[in-house]
Amino acid sequence: MKLSQQLLHQIHRQLESGYPNEACGVMLGKNGVVTEIVSADNERTDSARNRYLIDPLAYMKIERGADQRGLEVLGIYHSHPDVAARPSQFDLDHAWPNFSYLIVSVVKGKAVESNSWRLRDDRSAFDREAVEIS
Amino acid sequence: MGIKVTIPTALRRFANGQATVEVPGNTISEVLGNLTTEHAQLRPHLYSEDGKLRNFVRVYVNDEDIRARGDNTPVNEGDEISIVPSIAGGNLAKLDPIIKDRAKLTNEEIKRYSRHLILPEVGIEGQERLKAAKVLLIGSGGLGSPIALYLTAAGVGTIGMVEFDTVDFSNLQRQIIHFTGDVGKHKLKSAEEKLKAINPNLNFIPHPVKITSDNALDIIKDYDLVLDGTDNFPTRYLVNDACVMLKKPNVYGSIFRWEGMASVFAPHLGGPCYRCWYPEPPPPGMVPSCAEGGVLGVICGIIGNIQANEAVKLIIGKGKPLMGRLLRFDAMDMSFREYKIPRDPNCPVCGKNPTITKLIDYLEFCGIGRGEEGGSSGDSIVETKDEELGPDDISVETLKKMRDRKEDFVLVDVRNPDEFAICAIDGSVKLPLPELPQRFQELPKDKLIVLHCKSGGRSGRALKFLRSQGYGKLKNVAGGINAWAERIDPNVPQY
């Protein structure tokens with residue numbers, strides 16, 4: 001996955017401002033290059049500190065908008081407040097294939113680590129992927 | 001007939017890169033079935049191993065969510081089905097301890113809890129949280145007994161107990177906090193003596209009341225955590241709803257015969273509540289109580305200690321809580337099975353748009369009229385009172401007079417055969433309640449029929465059933481054979 005320093009910075013700022021809750025958004029682009037990010041509301045107001053959920057209708061709108069502009073949804077980014085930037089079992093249970101899952105560890109309100117993960121086709125695990133910052 | 005299906009970006013690689021495909025079918029499940037036959041790689045992402053649509057897969061027909069209508073919803077030519085991802089995730093690996101405060105340990109306590117203190121996951125920090133914790137037990141019966149004993153020994157600082165009953169001989173087989181010499185004593189008094197003997201540091205708060213919709217919030221609000229050891233549905237729903245409203249974790253346990261179950265309900269920590277699992281209670285009488293069906297005493301210790309274990313983990317914030325999971329134990333097979341309980345987004349109490357926002361009438365909700373038997377042990381919020389005879393009831397004294405005068409009636413015992421073997425009233429017709437629907441025609445319609453069971457609950461249900469079958473002359477013996485044994489014939493044992 002390729003991502004500009006400026007977009008990564010934008011993601012970090014959004015996720016930091018969401019702390020101590022989990023925050024999330026969608027990455028759009030083409031051929032593995034992220035060109036745009038769209039922040040999304042975390043619908044899990046009941047348990048926002050350790051869960052996130054994007055409303056399916058809101059997601060459908062984002063995806064249709066991308067389709068119309070010739071872009072693709074490349075993946076999802078979300079924060080792990082005060083824990084490592086590694087996918088949890090819950091992340092694995094709910095993951096979609098062919099997406100890059102960018103997880104940012106936000107400790108005490110500061111983004112400290114960002115890792116990107118892709119689900120295996122058999123759903124058994126995530127593999128870490130390289131993030132090329134341009 | 002071809003139905004247009006929109007494939008989300010994430011799955012397009014598995015559908016030859018297409019954004020939409022046309023698939024035949026007359027219902028949603030047919031269309032999706034044909035889709036995943038044609039493009040087999042889609043299947044593991046749309047369906048779980050048990051063949052159900054995964055909970056993060058939403059299906060829309062012409063932009064309407066069909067989840068409520070089910071996947072047998074018919075589709076017609078021109079309809080468009082969209083598979084829409086519900087994007088979710090998060091980190092449940094680490095739970096904060098629910099007890100934020102710490103209470104300093106004395107030197108005596110450091111010695112007492114040394115086996116905890118050298119356990120890395122507890123340590124001084126965890127032990128100080130245990131001391132600061134305020135835990136409420138609903139009931140001091142089969143489950144409440146081991147829970148109270150172990151949590152007291154473990155160093156939980158404050159334990160509240162809701163209980164209105166006194167110790168009965170029939171409790172001693174499983175309610176191990178009560179001893180033979182305690183029979184007749186208030187259960188709270190009996191429990192407090194044992195708990196203080198184990199650990200004099202304990203702050204014990206007795207609540208000598210029945211928990212009801214009027215007092216539940218008031219009682220629960222001062223505690224950090226609730227352990228439900230009740231044996232009846234009205235109280236279980238009441239405790240669940242009150243805990244959801246007050247954001248208190250509810251550690252659930254239940255037992256019946258040779259089986260037990262346990263789980264942790266805490267929507268505010270991301271898990272489901274009891275209603276996500278059981279939105280509605282079973283019809284009254286369908287699930288027999290332990291007083292009707294019996295229970296292995298040992299089971300109480302196993303399930304109660306699973307509850308105590310989960311309480312300790314929540315307090316110190318360690319391990320993986322039994323949340324979103326139901327553990328079921330079978331003592332005959334000696335096996336544990338785990339079931340997933342998903343959170344119901346439409347749950348009337350913990351869902352997104354709750355319709356139950358204050359406590360309701362739980363007896364009515366469970367279809368139990370007042371005066372009818374809802375449970376049995378001291379945990380019950382429903383009890384039968386002989387002095388409050390209903391229009392269909394007769395007292396055991398009246399029954400005695402009718403027998404002495406040799407009146408013409410049929411006395412029917414609706415208990416189970418195992419109970420007939422314990423005791424019976426001479427001359428009664430034995431017709432167990434479960435067999436009544438097949439055998440009721442054995443009973444004459446022109447004679448008075450007097451029904452009895454152990455304490456009046458099952459015979460009350462038998463009466464309603466017979467009335468619905470056209471029987472006109474019916475009476476129920478209030479208090480059942482236990483009242484008969486207590487007040488009429490001392491040779492009959494009570495159980």
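These values consider heavy atoms only, across backbone and side chains, with no hydrogens, waters or symmetry-generated copies. The chains referred to below are lettered A, B, ... by the order of the sequence lines, with proteins before strands, and numbering in each begins at 1.
Looking at Ala95(A), the atoms closer than 4.5 Å to chain B (heavy atoms on both sides) all sit in the backbone: N, CA, C or O. Contact of Ile103(A) with chain B is not made at all, since no heavy-atom distance falls under 4.5 Å. Interface residue Phe99(A): only side-chain heavy atoms are found under 4.5 Å from chain B. For Asn55(B), the part lying under 4.5 angstrom from a heavy atom of chain A is the side chain only.
In this structure, the side chains of Asp93(A) and Lys340(B) come closer than 4.5 Å at one or more pairs of heavy atoms. For the pair Tyr52(A)/Ile87(B), a side-chain contact is recorded, criterion being any heavy-atom separation below 4.5 Å from C-beta on. Residues Arg123(A) and Arg54(B) meet the side-chain proximity criterion, which asks for heavy atoms closer than 4.5 Å.
Interface remark: of the candidates Asp121(A), Leu92(A), Leu57(A), Asp55(A), Asp121(A) forms the most heavy-atom pairs closer than 4.5 Å to chain B.
The local environment of NZ in Lys358(B) is sparse, with at most 12 non-hydrogen atoms from other residues, nucleotides or ligands closer than 6.0 Å. By the 6.0 Å contact criterion, NZ on Lys247(B) is open, its count of non-hydrogen atoms from other residues, nucleotides or ligands being 12 or less. Atom CD of Gln6(A) sits in a sparse spot, with 12 or fewer heavy atoms from other residues, nucleotides or ligands closer than 6.0 Å. Around the CZ atom of Arg120(A), the shell of radius 6.0 Å holds more than 12 heavy atoms that belong to other residues, nucleotides or ligands. Other residues, nucleotides and ligands contribute more than 12 heavy atoms inside 6.0 Å of the OH atom of Tyr339(B). Summarising the local packing, CZ of Arg86(A) is surrounded by 12 or fewer heavy atoms from other residues, nucleotides or ligands at distances under 6.0 Å.
When the side-chain hydrogen bond (donor to acceptor under 3.5 Å, both in side chains) test is applied to Glu38(B), no partner is found at least two apart in sequence or on another chain. Every salt bridge (Lys or Arg N to Asp or Glu O under 4.0 Å) that Arg328(B) has, sequence neighbours left out, goes to Glu259(B). Residues passing the side-chain hydrogen bond (donor to acceptor under 3.5 Å, both in side chains) test with Tyr274(B), sequence neighbours excluded: none.
For a heavy-atom cut-off of 4.5 Å, chain B lies close to Asp67(A), Glu72(A), Val73(A), Ile76(A), His78(A), His80(A) in residues 66-81 of chain A.
In terms of heavy atoms, Phe14(B) sits closest to Pro97(A) at CE1-CG, 3.5 Å. Taking all atoms of both residues into account, the shortest heavy-atom contact from Ala10(B) to Asn98(A) is O-ND2, 2.5 Å. Closest approach of Leu53(A) and Ala88(B) over heavy atoms only: CD1-CB, 3.8 Å.
Taken to the nearest 0.5 Å, the CD atom of Glu63(A) stands 9.5 Å off from the OG1 atom of Thr6(B). Remark: Met60(A) CE to Ser86(B) OG distance equals 12.5 Å, nearest 0.5 Å.
Remark: side-chain polar atoms of Asp91(A) are paired, donor with acceptor, to backbone N or O of Gly90(B) under 3.5 angstrom.
The aromatic rings of Trp96(A) and Phe56(B) sit perpendicular to each other, their planes meeting at more than 60°, with 30° as the lower class boundary.
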